[in-house]
Amino acid sequence: MSSLSHLDSDGRARMVDVGAKAVTARTATSTGRLIVRPDVVALVRADDLPKADVLATARIAGISGAKKTSELIPLCHQVPLSSVTVDFEFASDAILITATAKTTGQTGVEMEALTAVAIAGLTLHDMVKAVDPAAVLSDVRLEDKTGGKRGHWTRDGSAVALRGAVPLRPGTAAVVVASTGGAAGTREDTTGPVIGAWLGAHGYAVDAVTVVADADVAAELSRVLATAPAVIITTGGTGASPTDQTPEATSALLDRELPGVAEAIRAAGLAITPTAALSRGLAGTSNGTVIVNLPGSPGGVRDGLSVLDGLLDHLVAQIAGGGQHG
């Protein structure tokens with residue numbers, strides 16, 4: 001029993017002493033689902049239940065729950081959370097819940113992310129029980145975590161190999177396209193090849209241009225990051241649609257954001273079309289890898305690459321300590 005961290009050599013419960021652990025940026029993402037009747041899904045989507053503001057109430061409850069995790073789970077540490085996000089998607093017979101918690105500290109935030117999902121789900125249950133008392137909260141589980149000596153873990157196993165154990169590969173890059181239609185073969189991807197060619201022209205060896213459904217972008221980003229390229233550029237999934245998940249998937253991986261880069265990309269698009277303001281794309285670094293989200297349209301990609309044309313080489317060299325990529 002002593003192999004379990006929360007038990008001492010005599011099998012007694014204890015709070016783990018984390019005083020000697022390194023302070024690192026840590027994130028955790030958890031998911032869950034509230035299974036309800038299809039008509040209830042429609043009611044929640046339309047905000048047409050007797051209790052109004054269903055999703056907003058559940059979101060606030062989830063965030064509050066994450067902040068109170070150490071009060072609810074006896075052996076959890078008090079963690080200074082830097083961010084908690086709670087998001088919802090709709091399936092035909094369920095409301096899907098995703099929560100991401102972040103901190104910089106000596107212990108992880110897995111329980112905070114799980115608690116956020118659980119409390120948000122229970123709040124949803126309370127809001128819909130008048131019309132569907134048989135609703136079921138299920139599949140509350142950890143999907144992804146980063147930070148600490150174990151590096152990066154994902155549920156699907158694609159990045160179980162520690163990202164920290166794989167040296168950064170200078171001069172390499174990867175492209176991830178988030179497009180449900182493109183992954184299904186019903187829509188031609190015209191953005192990924194453009195980004196790949198641009199990276200090649202700038203001296204990067206492109207590992208691959210992969211096209212995945214929006215729902216799979218988090219797993220694919222984790223898999224690609226585990227191979228330690230110097231640069232990852234994504235396209236698609238940055239808008240306001242419920243299926244757009246690229247910023248959330250990226251945020252869970254970043255140890256440092258570069259908001260100026262993301263804002264410059266949005267500004268370049270705004271000079272041409274006001275809809276560029278709807279992009280939620282992020283930019284930042286994860287263990288030395290630069291990750292940049294570009295919009296999914298050919299024009300958005302063109303605008304974004306025009307910004308990176310004057311920034312990327314300098315940024316990569318800066319992260320490497322002043323050296324140039326080879």
Side-chain angles (χ1 to χ4, degrees), residues 24-32 59 62-63 66-67 79-89 96-105 108-117 120 141-148 151-156 158-159 163 174 176-178 212 214-226 229 231-266 278-296 304 315 319:
T24 66
R26 299 169 186 263
T27 67
T29 297
S30 295
T31 59
R59 179 177 290 110
I63 294 170
K67 293 163 66 176
V79 176
L81 292 168
S82 56
S83 172
V84 179
T85 61
V86 179
D87 295 293
F88 306 97
E89 294 182 62
L96 312 180
I97 312 160
T98 300
T100 296
K102 291 185 178 183
T103 190
T104 299
V109 285
E110 298 96 311
M111 294 310 303
E112 284 70 19
L114 286 163
T115 301
V117 169
R141 63 188 197 178
L142 180 68
E143 299 288 352
D144 182 283
K145 69 186 187 77
T146 64
H152 185 207
W153 176 91
T154 60
R155 169 164 291 278
D156 67 3
S158 61
R163 167 61 180 83
V176 176
V177 180
V212 297
D214 289 285
D216 298 326
V217 69
E220 180 62 11
L221 265 177
S222 295
R223 184 195 68 79
V224 172
L225 181 62
V231 177
I232 301 173
I233 297 181
T234 74
T235 174
T238 64
S241 167
T243 60
D244 289 331
Q245 292 297 313
T246 302
E248 287 76 15
T250 302
S251 177
L253 300 176
L254 297 181
D255 49 46
R256 176 177 290 182
E257 288 194 30
L258 298 168
V261 175
E263 292 304 327
I265 292 171
R266 271 186 284 275
L278 300 178
S279 174
R280 300 182 298 115
L282 301 177
T285 62
S286 179
N287 290 308
T289 296
V290 176
I291 306 177
V292 180
N293 300 154
L294 297 184
L315 173 58
I319 292 171

Rounded distance [0.5 Å steps], CG in N293 versus OG1 in T238: 7.0 Å
Sidechain N-carboxylate O distance under 4.0 Å for E248, R280: yes
Closest non-hydrogen atom pair, G288 against I319: O-CG2, 3.7 Å
Least distance between heavy atoms, L282 atom then P247 atom: CD1-O, 3.4 Å
Atom pair OG/CE of S30 and M111 - distance to nearest 0.5 Å: 8.5 Å
Value rounded to 0.5 Å, distance of CG in L254 from OG1 in T289: 10.5 Å
Short side-chain to backbone donor-acceptor contact, K67 and V84, under 3.5 Å: no
Exam field: side chain T98 to backbone T31, donor-acceptor pair closer than 3.5 Å: no
Minimum heavy-atom distance between V86 and A116, given as atom pair plus value: CG2-CB, 4.3 Å
Pairing of R26 and E112 as salt bridge, 4.0 angstrom limit: no
R256 side chain vs T285 backbone, donor-acceptor pair below 3.5 Å: no
Side-chain donor/acceptor of R266 to backbone N/O of G281, under 3.5 Å: yes
Check: L253 main-chain N/O paired with T27 side-chain donor or acceptor under 3.5 Å: no
Test applied, side chain to side chain donor-acceptor pair (under 3.5 Å); reference residue, T29; option that passes from T100, D144, T85: T100
CG-OG1 distance between N287 and T146, expressed to the nearest 0.5 angstrom: 8.0 Å
Under 3.5 Å donor-acceptor, S222 side chain and A218 backbone: yes
Shortest non-hydrogen separation from L294 to G304 and the atoms involved: CD2-CA, 3.8 Å
Closest heavy-atom pair and its distance - T115, A66: CG2-N, 4.3 Å
Rounded distance [0.5 Å steps], CD1 in I265 versus OG in S279: 8.0 Å
Rounded distance (nearest 0.5 Å) linking atom CD of E220 with atom CG of L225: 11.5 Å
pair V217-T234: side-chain heavy atoms closer than 4.5 Å: no
Taking every non-hydrogen atom, the tightest pair across I291 and S286: CD1-CB, 4.1 Å
Positive for side-chain contact (heavy atoms from CB on, under 4.5 Å) with V290, one of V261, L315, I232: L315
Check: G236 main-chain N/O paired with T246 side-chain donor or acceptor under 3.5 Å: yes
Close side-chain approach of I97 to F88, heavy-atom, < 4.5 Å: yes
